[in-house]
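Written out below as structure tokens is the structure these notes cover.
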Amino acid sequence: MKVKEILVNCNLLEIVGNKDLDISSISFDSRKVENGTLFFAVRGTQVDGHNYIEKAIEKGALAIVCEELPANLNEAVTYIKVDNSAYVLGVSASNFFDNPSKKLKLTGVTGTNGKTTIATLLYRLFTDAGYVCGLLSTIENIVDHEVIPSTHTTPDPIELNALLKKMVDKGCEYAFMEVSSHSVDQDRIAGLNFAGGIFTNLTHDHLDYHKTMANYRNAKKKFFDNLPSNAFAITNLDDKNGAIMLQNTKAKRLSYALKHDADFKGVVLESHFDGMMLKVNGTELFTQLVGGFNASNLLAIYGAAIALGFDKDELLVEISKLKGANGRFDMVHCECGIVGIVDYAHTPDALENVLKTINDVRCHKETLITVVGCGGNRDTTKRPEMAAVAAKMSDKVILTSDNPRNEDPDEIIRQMKEGLDEEAKRHVLSITNRREAIRTAVALASKGDIILLAGKGHENYQEINGIKNHFDDKEELSEALKEK
């Protein structure tokens, strides 16, 4: 493919060299450059790709996209100066893989909480109805039924478009993907053609990256600002930022809500640990999902499916069959009569939602024990809030390690405890070793009691000092309960 074909629809400031060069691959990682590569020098949060231009050329790069031309130019190399290498990479990656998103009905889901559940259940819904679909999520990527491990909520532009191309080649008609705020801010989704977008909610998270809630909100909003006029945009009116998301979108505006009037209005009629009865736009249905937050997720799923042309009557039947995503209010049953729940809740709002659901369903004669930690090398300001929410809404709390990464887990727990008053501290234990914390929760529990393991959900590892060790909350809890 020629350089000029790869760079279609990109704003090029200056070209030095031959733009008719044939290119065999593209890369923004100098370690992956080979003979015939077009290298993109991207300024990242940790590394500036401009520092690796010479290395890329040494490894065989024939052309370089950069924001600043090197002082010494190689006559055998073509240089293309642009104002934003990250954006140009996104558009170029789409061009290089023959714009696969234009051949799919691609729906993006963004928000702090609920992205994985909504994207995953939309994939299952359409797949169960007989459509060939793809999924890009935090838990896993799926092309038709082939599972491909996931490393990021939203992959880099090259991996992303390669996966979308694979979906097209496999005959996929629909694709559903999580769109993280990082990916919008870093232009990882530049060049993609979306059939629709869904906004879930906006709560405290990722301030280590975005610095302010306004920046975080605007990153989400940018996704909707860029949707085309033939797309749909569905927002959650129960969230104070819901209406803001659609202020400048050209897409068809739709809404869902439990508490406000909306295009897709829901009411929770009954709620139990094995499911709930909902009324959606006047029609009752039973779902195996639990809790108000899942009722909201189902409304988003319902709205998106309608917008994508799903038959309404068939939709109600299929929704009633859906089961939750892995690690999302995941029930662990045992013969000893203790109720175990594993959930990915790793923000104060998500934890509050899960605990509220449990408290709404339980009879309150039993004890609710919450085991929770906070990840290392991430937003530190939410740590005291997480502990405060857990203590306020649980009978007993065990603070423990999540993924400490390169931080001292004891220091993370100390920061969490800053959110507790003296009364709350009397109901809180600190056990750094997560396995020991889980086993202690089981030892403290009696028949009928409830144990919530929050924070890791689907993850099957614990990252300590840069090393990922196998650790699965559901496995650990199941084993401890079995021994009891």
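One finds the OG1 atom of T120 at 15.5 Å from the NZ atom of K323 (value rounded to the nearest 0.5 Å). Taking CG from L322 and CG from L121, the interatomic distance works out to 5.0 Å, rounded to the nearest 0.5 Å. Separating the CD1 atom in I438 from the CG atom in L477 is a distance of 6.5 Å, to the nearest 0.5 Å. Separation of atoms CD (Q415) and CG (L399) is listed at 12.5 Å; rounding is to 0.5 Å. The distance from the NZ atom of K252 to the CD1 atom of I234 is 9.5 Å, given to the nearest 0.5 Å. Distance CG/D379 to OG1/T347: 10.5 Å, rounded to 0.5 Å.
In this structure the side chain of L104 reaches within 4.5 angstrom of the side chain of C172, judged on heavy atoms. Contact of the Y256 side chain with the T200 side chain is registered, since non-hydrogen atoms from C-beta on lie closer than 4.5 Å. Using a 4.5 Å cut-off on side-chain heavy atoms (C-beta onward), K392 and E352 make no contact. Residues L289 and F329 are not in side-chain contact: their nearest non-hydrogen atoms beyond the backbone lie 4.5 Å or more apart. Taking 4.5 Å as the limit, every side-chain heavy atom of F176 sits out of range of all side-chain heavy atoms of I118. Residues E459 and F471 are not in side-chain contact: their nearest non-hydrogen atoms beyond the backbone lie 4.5 Å or more apart. Between F224 and T235 the shortest side-chain heavy-atom distance does not fall below 4.5 Å. The shortest side-chain heavy-atom distance between N236 and L299 does not fall under the 4.5 Å cut-off.
The pair K222-D187 meets the salt-bridge criterion, with a side-chain N (NZ, NE, NH1 or NH2) lying under 4.0 Å from an Asp/Glu carboxylate O. The pair D261-K265 does not meet the salt-bridge criterion, since no charged nitrogen lies less than 4.0 angstrom from a carboxylate oxygen. Between D169 and K165 a salt bridge is recorded (basic side-chain N to carboxylate O distance below 4.0 Å).
No side-chain donor-acceptor contact under 3.5 Å links D185 to the backbone of S181. With S183 contributing its side chain and V179 its backbone, the two residues share no donor-acceptor pair below 3.5 Å. Looking at K166, its side chain never comes within 3.5 Å of a backbone N or O of A162 through a donor-acceptor pair. At distances below 3.5 Å, at least one donor-acceptor pair connects side-chain atoms of S401 with backbone N or O atoms of T432. S320 contributes a side-chain N or O that, together with a main-chain N or O of V317, makes up a donor-acceptor pair within less than 3.5 Å. Counting only distance, with no hydrogens or angles, the side chain of T400 and the backbone of G373 share no donor-acceptor pair below 3.5 Å. In terms of modelled atom types and a separation under 3.5 Å, the side chain of N403 and the main chain of E463 share a donor-acceptor contact. Of the possible donor and acceptor atoms, one in the side chain of R253 sits under 3.5 Å from a partner among the backbone N and O of L246. One N or O on the side chain of T154 and one on the backbone of E178 form a donor-acceptor pair closer than 3.5 Å. Listed for the D449 side chain is no donor-acceptor partner under 3.5 Å among the backbone atoms of I369.
Remark: K456 qualifies as a cation-pi partner of Y461 under the 6.0 Å distance and 45° angle criteria applied to the six-membered ring.
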For this session: Show your reasoning for whether ring-ring contact (aromatic ring centres under 6.0 Å, His included) applies to F126 and F310.
Result: CA-CA 9 Å; F126 278 76; F310 211 106; 5.1 Å; yes

For this session: Starting from the C-alpha separation in whole Å, work towards a yes-or-no answer on side-chain contact (heavy atoms from CB on, under 4.5 Å) for F199 and D239.
Result: CA-CA 9 Å; F199 171 72; D239 187 281; 3.9 Å; yes

For this session: Run the numbers on H470 and N460 for side-chain hydrogen bond (donor to acceptor under 3.5 Å, both in side chains), then give the verdict.
Result: CA-CA 6 Å; H470 179 78; N460 61 2; 4.9 Å; no

Problem set entry | Step-by-step side-chain contact (heavy atoms from CB on, under 4.5 Å) determination, T112 to Y216 | CA-CA 10 Å; T112 306; Y216 183 31; 2.9 Å; yes

Problem set entry | Test side-chain contact (heavy atoms from CB on, under 4.5 Å) applied to N99 and N193, step by step | CA-CA 8 Å; N99 294 291; N193 184 73; over 6 Å; no

Exercise. Does the salt bridge (Lys or Arg N to Asp or Glu O under 4.0 Å) test come out yes or no for D410 and R414, once each step is laid out?
Worked result: CA-CA 6 Å; D410 291 322; R414 187 196 68 76; over 6 Å; no

Problem set entry | Stepwise side-chain hydrogen bond (donor to acceptor under 3.5 Å, both in side chains) test for S255 and D263 | CA-CA 5 Å; S255 61; D263 296 299; 3.2 Å; yes

For this session: Carefully, step by step, assess T127 and Y174 under the rule side-chain contact (heavy atoms from CB on, under 4.5 Å).
Result: CA-CA 9 Å; T127 298; Y174 296 92; over 6 Å; no

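The shortest non-hydrogen separation linking A391 to V428 is CB-CG2, 4.4 Å. The heavy-atom pair separating Y123 from C133 by the smallest distance is CE1-O, 3.5 Å. For L106 against L164, the heavy-atom pair with the smallest separation is CD1-CD2, 4.3 Å. Contact record, S296 with L258: N-CD1, 4.0 Å, taken as the closest heavy-atom pair. Shortest non-hydrogen contact noted between P100 and V168 is O-CG2, 3.5 Å. Scanning both residues, S137 and S150, for their nearest heavy atoms gives O-OG, 2.7 Å.
Within 6.0 Å of CD in E335 there are 12 or fewer heavy atoms belonging to other residues, nucleotides or ligands. Counted within 6.0 Å of NZ on K356, heavy atoms from surrounding residues, nucleotides or ligands total 12 or fewer; the atom is thus considered open. For K259, the NZ atom counts as loosely surrounded, since its 6.0 Å shell holds 12 or fewer non-hydrogen atoms of other residues, nucleotides or ligands. Atom NZ of K425 is surrounded by more than 12 heavy atoms from other residues, nucleotides or ligands within 6.0 Å.
Annotation: side chain to side chain donor-acceptor pair (under 3.5 Å) contacts involving residues 270-284, sequence neighbours excluded, comprise E270-H272. Contacts classified as salt bridge (Lys or Arg N to Asp or Glu O under 4.0 Å) and involving residues 474-484 (residues at least two apart or in different chains) are given here: D330-K474, R435-E476, R439-E483.
A donor-acceptor pair shorter than 3.5 Å can be found between the side chains of N297 and N294. Judged by distance alone, the side chains of H427 and D395 never bring a donor and an acceptor atom under 3.5 Å apart. No hydrogens or angles considered: nothing links the side chains of E140 and N326 as a donor-acceptor pair under 3.5 Å.
A salt bridge (Lys or Arg N to Asp or Glu O under 4.0 Å) with R383 holds for exactly one of E411, E418, E407; it is E407. For the side-chain contact (heavy atoms from CB on, under 4.5 Å) with L315, the lone residue among I306, I301, L285 that qualifies is I306.
Under the side chain to side chain donor-acceptor pair (under 3.5 Å) criterion, D473 pairs with R434, sequence neighbours left out.
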